[in-house]
Amino acid sequence: MCLRVLIVARHWIDELADKLYDAMTRRSKSIVVFNGGLSVSGLQHVGRLRGEVIIPEVLRRILEKRGLKVKQYLTLYTQDSWKAKEAQVERFKEGGEKYAGWPLIRVPDPAGCHSNWVEHYWSDFGPFIKEFTDGKIEVVTTTELYKSRLKEFTKLVLESREKVRSVLNKYRGRKPYEEGWIPFEPICEKCGRIDTTECTRIVDEEHVEYTCRNCGHVGLSLIESGKLMWRIEWVGVWWSLGVDFEPFGKDHAMPGGSRDSCVDLAVNVFNITPPEGLPYEWVEWRTPDGRVVDMGSSDFLGFTPRDWLEVAHPHIFRFLVLRTPPMKKLSVSLHEVPQYYSLYYKAERIYYGLEKASSEEERELLARSYELSYPHGDPPLSQPEQVPYLHLAILAQVVPREKWSSEGLARLKASGHLSDQPTEYGLKRILEILVKAHTWVEKYGPSEMRVELIPLTVAEKIAREVTSPLSEHFRELYERLRALSNWREEDIKEAFIVVTSKLGGESNIKLFYTHLYRVLTGKESGPRAAPLLALIGRDLSLKYLSLIAKSNV
RNA sequence: GGGCCCGUAGCUCAGCCAGGUAGAGCGGCGGGCUUUUAACCCGUAGGUCCCGGGUUCGAAUCCCGGCGGGCCCGCCA
């Protein structure tokens with residue numbers, strides 16, 4: 001037996017989980033509740049996965065392993081008003097301005113394929129949550145909540161409106177709410193706005209009377225059709241779902257900000273224990289032209305979980321989130337996906353003990369982030385095969401899609417990337433990356449990564465341009481390659497070295513390769529010759545080479 | 001007016017919470033291998049740790065005060 005006296009390095013999320021475990025246990029509830037919140041104001045970018053979905057999910061799973069029962073919600077703020085920001089209005093071919101101030105849920109889908117604005121933009125995010133997490137997250141909307149628990153809460157608010165007012169006014173030095181203020185915002189039945197109505201009278205338990213500052217309409221509204229102002233609504237969500245933990249973006253974290261006033265209301269008016277919080281920094285987007293901007297929903301800046309999954313595993317994004325402490329900036333771009341894979345592979349090797357980290361802290365950060373990067377279950381028992389993303393990007397282009405699982409894998413074995421007895425998970429991952437990397441090259445890859453073998457008939461014409469001293473050498477290359485007993489990268493390279501060493505001079509070697517690439521791809525350069533020929537296979541390689549070898553005889 | 005993150009090699013950053021002779025990767029330079037998958041191997045140069053005080057035997061690290069950059073809040077959500 002030995003006592004652990006050394007202070008071991010810990011991952012930030014484990015330290016957080018420790019604190020949360022204590023706080024949750026003190027609440028002595030049979031099931032504790034985690035929540036996240038999103039306003040569906042436009043592009044549902046991946047940045048929103050960070051604080052509202054992935055971080056609480058990982059914490060939940062750690063606490064569940066320690067025996068706690070945790071219910072995780074994600075609340076969509078669908079009653080919020082549509083701000084008519086430029087980027088939002090532009091979504092509509094014309095006339096988008098007329099929806100200014102409408103509740104998001106009532107704004108039509110500009111593309112016309114979903115029943116409203118929320119449904120449309122949520123479709124790039126919602127269905128993919130289960131790919132990025134274990135899927136045990138219940139999505140609720142404030143629109144639904146106002147018909148049930150939030151409606152009860154609204155009644156409570158109206159009853160204690162004077163207390164609510166006095167608390168909120170502590171945070172409103174310049175524009176205090178006046179006596180008699182009724183904290184409810186109905187939807188104007190005439191112009192549709194939710195941001196211009198003012199309650200003038202409580203009619204009965206279920207109805208209020210309002211005036212619309214926009215159109216002047218005076219009407220009656222049910223208290224389930226409208227919303228509470230933000231600072232009250234957030235408390236209402238805590239109250240309705242019984243929230244015990246909820247992270248929040250840095251914008252809510254300021255002293256005297258919404259978080260502070262909500263805690264005040266929770267404790268002093270509604271007599272509930274406010275949830276534990278966690279401020280987090282937003283996710284930045286490195287745009288294709290090299291700028292760095294905060295991702296933004298209503299400004300339509302960034303890319304969606306759907307976009308991510310087209311070109312990369314959810315593991316990689318989880319890894320990036322976990323590797324970065326919550327209050328630090330995290331920048332991502334789709335162009336850098338291949339680098340993210342090599343970072344991830346490094347962490348993977350450290351996790352399986354195949355590579356040493358430079359410090360114990362680094363080891364813990366990377367290995368633990370890797371371990372928690374699996375959306376479902378744990379990492380496999382042994383190290384999966386790692387094939388560089390860019391290598392698979394090339395392979396995916398030179399081998400027809402329907403042959404990836406046969407030819408493709410055979411070539412990876414031939415090139416030594418795969419053993420004869422590959423792991424099941426490694427194989428699965430490679431086949432998945434082939435699909436993703438192929439899409440990546442098309443959508444985000446640099447042009448020099450794009451390889452397409454040109455048709456043999458075209459190649460034949462180009463081959464005729466090879467001048468005779470060079471065709472001599474191409475003939476030799478052809479013969480040497482034809483004689484190879486194994487179509488292996490190493491042997492192919494050997495043949496190239498033998499032939500090119502006879503060319504006498506760098507400029508001739510350059511010319512030689514230029515011709516080769518022009519015949520193969522129509523361009524003057526391409527991926528390294530030996531691996532490329534190894535990838536495209538013996539028969540096809542020899543067909544192309546014979547075209548050059550036979551020309552200008 | 002308030003808050004957060006940051007300031008360490010040319011670049012990107014680690015190290016700071018628990019003080020003990022300044023680190024990594026990329027880039028540079030020299031060499032090797034190789035036409036070119038953002039590749040690999042060997043060697044090498046390069047730093048007033050933003051500034052000023054304080055605590056200490058000892059400070060990049062802790063405390064106080066500045067400066068610079070980025071972001072957020074100021075009663076919207």
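Not measured: the values here are computed from a predicted model. In what follows, chains are A, B, ... by sequence order, proteins preceding strands, each numbered from 1.
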Review point. Between atom CG in A/Leu76 and atom P in B/A77, what is the gap in whole Å?
Key: 18 Å
Review point. Among B/A38, B/G70, B/A77, which nucleotide sits nearest the side chain of A/Lys329?
Key: B/G70
Exercise for review: Indicate, with a heavy-atom threshold strictly under 4.0 Å, whether A/Glu185 touches base, sugar-phosphate, or nothing.
Suggested key: sugar-phosphate
Practice item. Specify the separation, in whole Å, of atom NZ of A/Lys83 and atom P of B/C76. Key: 11 Å
Exercise for review: Whole angstrom is fine here: how far is it from CZ in A/Phe248 over to P in B/G3?
Suggested key: 16 Å
Exercise for review: Provide, to the nearest angstrom, the distance between the CG atom belonging to A/Leu533 and the P atom belonging to B/U37.
Suggested key: 14 Å
Exercise for review: Could you state the atom-to-atom distance from NZ of A/Lys227 to C1' of B/A77 in whole Å?
Suggested key: 6 Å
Review point. Tell me: CG of A/Asp260 to P of B/C4, nearest whole Å?
Key: 12 Å
Could you write out each protein N or O paired with an N or O of nucleotides 10-14 of chain B at a distance under 3.5 Å?
residue, atom, partner, partner atom, Å
B/A14, OP1, A/Lys328, NZ, 2.6

Point to revise | Between B/G3 and B/A22 - P atom distance, rounded Å | key: 34 Å
Check your understanding: A/Trp82 vs A/Trp117 aromatic rings, parallel, tilted or perpendicular, using cut-offs 30° and 60°?
Key -> perpendicular
Exercise for review: Using a 90° cut-off around 0 for syn, call B/U35 syn or anti.
Suggested key: syn
Review point. Checking all strands, does A/Lys346 fall into the base, sugar-phosphate, or nothing category for heavy-atom contacts under 4.0 angstrom?
Key: nothing
**Study point:** A/Leu228 or A/Pro388, whichever maps to the more 5' nucleotide of RNA chain B
**Key:** A/Pro388
Check your understanding: What integer number of Å spans the P atoms of B/C63 and B/C5?
Key -> 13 Å
Review point. Taking atom types as modelled, is there a side-chain donor on A/Gln386 or A/Arg429 under 3.5 Å from an acceptor on the other?
Key: no
Exercise for review: For B/G54 and B/C73, measure between their P atoms and round to the nearest Å.
Suggested key: 40 Å
Exercise for review: For B/A38 and B/A45, measure between their P atoms and round to the nearest Å.
Suggested key: 30 Å
Review point. Can you tell me how far C1' in B/G27 sits from the matching atom in B/C71, rounded to whole Å?
Key: 29 Å
Exercise for review: Using whole Å, report how far NZ of A/Lys250 lies from P of B/C73.
Suggested key: 8 Å
Check your understanding: Closest to the A/Tyr513 side chain: B/C73, B/C76, B/U36?
Key -> B/U36
Check your understanding: Parallel under 30°, tilted from 30 to 60°, perpendicular over 60°: which one fits the rings of A/Phe512 and A/Phe474?
Key -> parallel
Practice item. Check whether the ring centres of A/Phe300 and A/Tyr121 lie less than 6.0 Å apart, and answer yes or no. Key: yes
**Study point:** Any strand: nucleotide that pairs with B/G23 via Watson-Crick or wobble, under 3.5 Å
**Key:** B/C13
Review point. Does the ring of A/Tyr177 carry A/Arg172 above it, NZ/CZ under 6.0 angstrom from centre and within 45° of its axis?
Key: yes
Review point. What nucleic acid atoms does A/Asp251 come within less than 4.0 Å of, heavy atoms only: base, sugar-phosphate, or nothing?
Key: base
Review point. Pick one for B/U36: is it syn, with its angle within 90° of 0, or anti?
Key: syn
Study note, to complete from the structure: Testing B/C76, B/U35, B/U37 for proximity to the side chain of A/Tyr517, the answer is B/U35
Practice item. Considering only atom C1', compute the distance from B/C57 to B/G66 and round it to an integer number of Å. Key: 29 Å
Point to revise | Geometric cation-pi criterion, A/Arg50 with A/Trp282: 6.0 Å, 45° | key: no
Check your understanding: What is the nucleic acid contact for A/Trp282, judged by heavy atoms within less than 4.0 Å: base, sugar-phosphate only, or nothing?
Key -> sugar-phosphate
Point to revise | Pairwise C1' distance for B/G7 and B/C50, with rounding to whole Å | key: 6 Å
Check your understanding: Under 4.0 Å between a side-chain N/O of A/Arg172 and OP1 or OP2 of B/C76, yes or no?
Key -> yes
Review point. If the C1' atom of B/C67 is compared with that of B/A24, how far apart are they to the nearest Å?
Key: 29 Å
Review point. Looking across every strand, which nucleic acid part, if any, lies under 4.0 Å from A/Asn169 by heavy atom: base, sugar-phosphate, or nothing?
Key: nothing
Review point. Between the side chains of A/Glu348 and A/Tyr344, does any donor sit under 3.5 Å from an acceptor?
Key: no
Practice item. Tell which nucleotide pairs with B/U44, taking only Watson-Crick or G-U wobble pairs whose two distances are both under 3.5 angstrom. Key: B/G28
Practice item. May I ask you to test the A/Trp181-A/Leu168 pair for a side-chain heavy-atom distance under 4.5 Å? Key: yes
Revision key, fill the gap. Separation of B/C72 atom P from A/Glu284 atom CD, nearest Å, is 10 Å
Review point. Can you say whether the rings of A/Phe153 and A/Phe270 are parallel (under 30°), tilted (30 to 60°) or perpendicular (over 60°)?
Key: tilted
